[in-house]
Every structure is written in structure tokens, then in C-alpha cells.
Amino acid sequence: MTLAAKISLGCIADDYTGASDLANTLTRAGLRTVQTIGVPSDNLALPEVDAVVVSLKSRSIEAGLAVSRSRAADKWLRSRGAGHVLFKICSTFDSTDAGNIGPVMDALRADSGEGAVLVTPAFPETGRTVYQGNLFVGAVPLNESPLKDHPLNPMHDSNLVRVLARQSRTQIGLVDLATVTRGAEAVRARLAELAGKGIGAAIIDAVFDRDLETIGLVAGEHRLSVGASGIGLGLARALVSTGKVKPGAASSESAAAVGGPAACLAGSCSQATLQQIANAERIMPVLHLDQDRIITGANEAERALDWARPRLADGPVLIASSAKPEDVAALQARHGRDAAGHAIEQAMADIAENLVKTGVRRLIVAGGETSGAVVDRLEIPGFLVGAEIAAGVPVLRAVGAEAGEMLLALKSGNFGGPEFFADALRLMR
Ligand SMILES: Nc1ncnc2c1ncn2[C@@H]1O[C@H](COP(=O)(O)OP(=O)(O)O)[C@@H](O)[C@H]1O
Ligand SMILES: O=C(O)[C@@H](O)C(=O)COP(=O)(O)O
């Protein structure tokens, strides 16, 4: 990898859509950013950048594995000069009581020698705000939002001090909004007070971008922070406002058209994605996969490919496994949660691999785990960030992919407007 100068900000994302969301935020804030898939190999040619987002697929794997992969990424980022590393988690704090946010944070904190780590999933642009340590998704607390029905990590507690305490070995404190509103000095003092009591991490409230700017200033003086794109925004703005990074333009290379057939794959079962699929039915052929056939090993991926191939010459197609919460619950009761999720992800990867062999060069994937499975199968080592399709979702240009020139959009299940697929296709030429 050709990184001549040292990087100013290192990031480790626990899934691939989350990584592209963060890379998008950093780029818009003026940081030249690349997204890599895992720790990049030395021979991957990348431009000179201010920030690197290493994407892991570590959100829903066994905690020990998530820790070791995150530590390896942290070591690589620090060896490239990153003084601060942001561990990027989901803005809806997706995790279970077994991890992985707490265990990874504990390990990175120990490695960096950090006192008390600031933690916030706030991302106001997408409606995620934190008040008194409670996460709100739009107008409702996390546990009343659609995240209560997530197929892999249903969220039933909106109090993040409690949620993180159940996952972490350290005590968790709170830096409340009143303190944030008083400014950086007040946050520094509160953090020092918590660290003095041996409290190793604190959920910090944020409702507006200006709160994240205050948080970014303080966090950037430390070695480690944990959060979603909002804290990324704060860190990036602090790097620019303190003159540590000169704001640069996004690479013009990332805007060139690739042409060729386009396809969409949806494995997210979020409310937003279900609506986007329903709207896509009006503008392109849509195939709904039979999930039982996938899990029992019947050749459902082959059936999907036979359906897609003759249609691709006429325009984009969409293949979806997505289902409503009651259907997801019924499928999981029949086959088990992890087995169902894994089998569907692998079927999506099979479909993506064969679509690319058929000539597809523009691929839109809805769902974080789904995107991880697809990008891994396509063996794409990294991405440059292009135009913004929706808040948190950029057009990505593959770097070093075996298939050559490719554009992808990796959409978090919850993100994007009702016409997301049309919006993405318009920008991916
Ligand atoms: N119909 C379905 N029933 C059960 N699980 C499903 C179904 N469709 C997809 N899944 C699984 O649900 C999970 C969705 O997670 P993900 O792709 O990360 O979406 P999101 O971005 O909404 O979190 C994946 O593991 C996927 O394989
Ligand atoms: O922070 C966010 O909400 C996203 O960047 C994110 O992590 C998305 O995860 P998925 O919903 O699993 O795609």
C-alpha cells in the first residue's frame, strides 16, 4: 500500500456498510479517505489519504475473534501513524449482551493505555440522538424502534450505560448533555473525574452536530473513541479546524462511469429496506427468494440466477430475501437464528459472484452482514468514496478487484429514502 505520509485518523468498522457510512462522513468533512476490507496487504495501491477505515465483519461473530481482528487492525493503523483510532459501531448500537462492542473496546483501551473512552452512537443526520445515556431512533427510544425486531441482534434496552456495562469489564459512566453544552473544557473535566474514579468508558450525550464537534475536539486529544458516524464527523471537523488536516476534495477518479448491467441484492429485513423493495417493484423486476429452500440446500441461488440472466440486458433487477418480522421469527423458529442468517448471506454471496461473472459491474447491496458476505466473496480489497446517494450511503469504486472496474453501494438496512434503489442507480453510471 502506498501511503507516503502518516494518516491522521485511523478507524476500525465492525461491518462494511458502517465503514462506507463513516468513509462517506469523513470525505464530506474534507478528509481524503479510503475504505479497506480487512487490514490491507502491502501491495494494494491506494492514494495518499488522511484517514483509513478498515472494515471488519466483526459485529455478530464470536467476541474473541472480534477482539483479535480489531487488535490487528488497530496495530496496523497505529503503525501507519494514526494517533487516534475510532472504533466504528452501529448508530443503533447493534450488539448482544455477549458483545462485541464492550470486549473490543476493553481490548483496544488496554492496548492504547487510554483512561476513560468516550462512546456515542449519536448520528443526528439519520435521527440517532443520545440523551441521558438513552438512544433515540427518530422520535422513539431504541427499544421501541424497528431495531427491537432485528434478525441477529434485537435491541431491547435503550439505556446505553446499562447495555455497555453488561458487555464490558470496566464500569461505564455518563457525560450528560448539560456538560457537553458547556463546551470542551467541561467535557475534559468530567472525563478526568470519571477516569480518576477508575471508570473506563463513558456514554456521552449528543443531539446536534455542534455537540459532536465539542466531543470530536476532546476525543481527538485521546488515543481511542467508540461511536458511529457522528463522532467521526466531530473528529474530522476537529482535525480541520485545528489545522492538522487541510480539507481536500474527494478523488475525481471515484466519479468515472463503468457502464454494464446493474443488479440489486437485499438481505436486510429492516422496515426501511422493506419499503424500498416495495417501491422498486414499480421500476424493475424483483425476485423474492424462498428462504426455506435456501436453508435446506435446494438450489435457490441457481434459480435466482436463471431468473436474472435474461433480464439484465433490459435493465437492473432486484433479488431479495427480506421478510417481515413475523416471517423472520417463524423462519428462525424452524431453522435457528444463526443458521438462517448465515445460509441466506452465503446464498446472496453465491448470487453476487455469479452475477459479476455474467458481467454485472454495478451492484447495490442492502444490509450490513449481507454486504460483508458479498464483498468478501468478490474479494474486493478496498474502495474509494464517490457521490452521496443518501445520508450514510456513498457510491463506492472498487480498488484492486479481480473483476476490474466496479461500482458498489453498500446500504445499511435502516438507511436511505423510500426510492433508494432508483436514487442509487441514478448516481451509479
Ligand atoms: N427472510 C429472512 N429471515 C431470516 N433472516 C434473514 C432473512 N433475510 C435475511 N436474513 C438475515 O438477516 C440478517 C440481516 O442483517 P443485515 O444484512 O446486517 O441487515 P441490516 O443492515 O438491516 O442489519 C442477515 O444475516 C441475513 O442473512
Ligand atoms: O451507523 C450506522 O447506523 C451504520 O453505519 C451501520 O453500522 C449500519 O449497519 P447495518 O444496519 O447492519 O447495515
Side-chain angles (χ1 to χ4, degrees), residues 3 5-14 17-36 46-55 73-74 77-78 80-91 108 117-126 128-130 180 183-184 187-188 204 206-251 254 382-388 390-396 412 415:
L3 285 178
K6 66 179 204 155
I7 56 176
S8 300
L9 180 63
C11 307
I12 304 167
D14 68 354
T17 46
S20 70
D21 163 21
L22 177 61
N24 178 57
T25 297
L26 300 180
T27 302
R28 311 282 154 231
L31 268 53
R32 296 165 304 164
T33 306
V34 289
Q35 174 181 353
T36 68
L46 290 172
E48 205 168 289
V49 287
D50 304 306
V52 175
V53 183
V54 174
S55 329
D74 184 71
L77 288 164
R78 302 229 186 246
R80 294 303 188 279
H84 185 89
V85 169
L86 165 62
F87 171 39
K88 160 69 175 68
I89 56 160
C90 192
S91 65
L108 299 184
V117 181
L118 286 174
V119 181
T120 186
F123 188 18
E125 195 184 350
T126 55
R128 276 57 155 167
T129 57
V130 181
V180 176
V187 174
R188 284 185 195 105
I204 183 161
V207 173
F208 298 107
D209 282 359
R210 64 169 178 270
D211 303 326
L212 292 158
E213 286 171 5
T214 303
I215 294 169
L217 266 178
V218 180
E221 296 159 4
H222 290 253
R223 304 262 297 155
L224 175 69
S225 57
V226 177
S229 268
I231 195 166
L233 178 85
L235 286 162
R237 287 195 180 161
L239 283 169
V240 171
S241 69
T242 55
K244 291 182 183 137
V245 167
K246 278 202 193 61
S251 143
S254 57
F383 295 108
L384 297 178
V385 180
E388 183 178 66
V393 197
V395 175
L396 298 171
S412 155
F415 285 177

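Contact annotation: the side chain of S229 never approaches that of T126 to less than 4.5 Å [non-hydrogen atoms, C-beta and beyond]. Contact check for V117 versus F87: no side-chain heavy atoms found under the 4.5 Å cut-off. Looking only at side-chain heavy atoms (C-beta outward), K88 and D21 come within less than 4.5 Å of each other. Residues V34 and L384 have side chains in contact (heavy-atom distance under 4.5 Å, counting atoms from C-beta outward). Side-chain contact check for P121 versus V130: some heavy-atom pair is nearer than 4.5 Å. Taking 4.5 Å as the limit, some side-chain heavy atom of I7 sits within range of a side-chain heavy atom of V49. In this structure, the side chains of I204 and V218 stay at 4.5 Å or more apart for every pair of heavy atoms.
The two residues I231 and L118 have their closest heavy-atom pair at CD1-O, 4.5 Å. Contact between A82 and G10 at its shortest, heavy atoms only, is CB-N, 3.7 Å. Closest approach of V53 and A19 over heavy atoms only: CG1-CB, 3.7 Å. For A29 against A236, the heavy-atom pair with the smallest separation is CB-CB, 3.6 Å. Residues T33 and V385 approach most closely at O-CG2, 4.2 Å, considering heavy atoms.
Partners of H84 by side chain to side chain contact (heavy atoms under 4.5 Å, CB included), not counting sequence neighbours, listed by chain and number: L9, A219, S225, L235. Remark: K244 engages L239, T242 in a side chain to side chain contact (heavy atoms under 4.5 Å, CB included) (not counting sequence neighbours).
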_Chi angles and distances behind the side-chain contact (heavy atoms from CB on, under 4.5 Å) call for F123, T25_ = CA-CA 10 Å; F123 188 18; T25 297; 4.1 Å; yes
*For T36 and V54, run side-chain contact (heavy atoms from CB on, under 4.5 Å): C-alpha distance rounded to whole Å, both residues' side-chain angles, the deciding distance at 0.1 Å, then the answer.*
CA-CA 5 Å; T36 68; V54 174; 3.7 Å; yes
*Audit row: Q35, L396, side-chain contact (heavy atoms from CB on, under 4.5 Å) steps and yes/no*: CA-CA 9 Å; Q35 174 181 353; L396 298 171; 3.8 Å; yes
*Step-by-step side-chain contact (heavy atoms from CB on, under 4.5 Å) determination, V187 to I215*: CA-CA 8 Å; V187 174; I215 294 169; 5.7 Å; no
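To the nearest 0.5 Å, atom CG of residue L26 and atom CG of residue L31 are 5.5 Å apart. Interatomic distance, I12 CD1 to L77 CG, rounded to the nearest 0.5 Å: 5.5 Å. To the nearest 0.5 Å, atom CG of residue L86 and atom SG of residue C11 are 5.0 Å apart. One distance of note links CZ of F383 with CG of N24; it measures 13.5 Å at 0.5 Å rounding. L212 contributes atom CG, which lies 6.5 Å from atom OG1 of T120 (distance to the nearest 0.5 angstrom). Summarising the geometry, atom OG belonging to S91 is positioned 11.0 Å from atom CD belonging to E125; distances are rounded to the nearest 0.5 Å.
The salt bridge (Lys or Arg N to Asp or Glu O under 4.0 Å) analysis of residues 215-237, with sequence neighbours excluded, yields the pairs R188-E221, E213-R237.
With R78 contributing its side chain and G83 its backbone, the two residues share a donor-acceptor pair below 3.5 Å.
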